[in-house]
Amino acid sequence: MFFKQIQCHGDNFSYVIGDESTKEAAVVDSSYNADEVTQTIKNLQLTLKYIINTHCHSDHTAGNIELQQAYGAKIVAHKQSRTSPDLKIDDGDVLKVGAIPIKVIYTPGHTADSVCLLVNDEKLLTGDTLFVGECGRTDLPGGNAKNMYDSLFNKLLKLNGEMEVYPGHDYGPTPSSTIAAEKRSNYTLKPRSLKEFIEFMSQP
Ligand SMILES: [Zn+2]
């Protein structure tokens with residue numbers, strides 16, 4: 001599997017996933033990195049099949065139209081996304097990029113349409129739900145601290161500890177992490193009751 005984390009402009013991360021034998025590829029959150037995404041696709045002679053968004057915020061969907069016009073790829077987002085994607089996804093759906101499965105985990109909290117993407121059962125793309133050393137804010141429109149608690153503690157932390165974590169922004173000491181490392185060191189993931197977590201998230 002080809003997998004590349006891209007950060008050229010600002011602190012947004014973009015990801016290119018490709019199957020080297022079939023040459024099919026997907027980009028997750030092209031953000032402001034469409035030029036580097038295009039270069040990567042060109043260099044490897046990949047065919048872009050999907051433009052996937054972890055959620056509807058414009059710093060993540062930037063580049064969607066540019067890449068769609070260049071490659072005719074389908075824009076993919078959660079069914080509650082306000083961006084009217086070509087393909088609507090929901091919890092448990094599996095997209096295929098060549099032979100690589102990308103499983104959708106619905107993780108509302110930062111927005112109502114936030115998803116995490118489990119790539120090849122080894123890499124978790126967490127968008128603005130979980131960062132290295134942080135979690136996403138819940139005070140923007142569509143945000144919900146109760147849903148964030150459920151997404152973090154009942155979904156993401158239940159995954160295999162060795163699962164690699166690739167966030168939507170470069171906010172931490174390292175560009176990626178693992179579920180086990182975040183469980184150990186991320187202060188937002190300290191054991192808390194739902195009530196404690198909601199209080200914690202409402203602090204300025
Ligand atoms: Zn966001």
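Each ligand, and each atom within it, is numbered from 1 in the order the structure gives.
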**Message:** For Lys103, I'd like to know if atom NZ has over 12 heavy atoms of other residues, nucleotides or ligands within 6.0 Å.
**Reply:** no
**Shared hydrophobic cluster, Val165 / Leu125 (ILVMFWY, side-chain heavy atoms < 4.5 Å)** = no
**Message:** Taking 2.8 Å as the cut-off, does Asp128 contribute an N, O or S atom near the Zn ion (ligand 1), distance below it?
**Reply:** yes
**Item:** 2.8 Å cut-off met by an N, O or S atom of His60 to the Zn ion (ligand 1)
**Value:** no
**Item:** Residue of the set Thr129, Thr111, Asp128, Asp113 for which side chain to side chain donor-acceptor pair (under 3.5 Å) holds with His55
**Value:** Asp128
**Asked** Only one of Thr83, Asn64, Thr61 clears side chain to side chain donor-acceptor pair (under 3.5 Å) with Asn53; which?
**Response** Asn64
**Item:** NE2 (His110) to the Zn ion (ligand 1) to ND1 (His57) angle, given to the nearest 10 degrees
**Value:** 90°
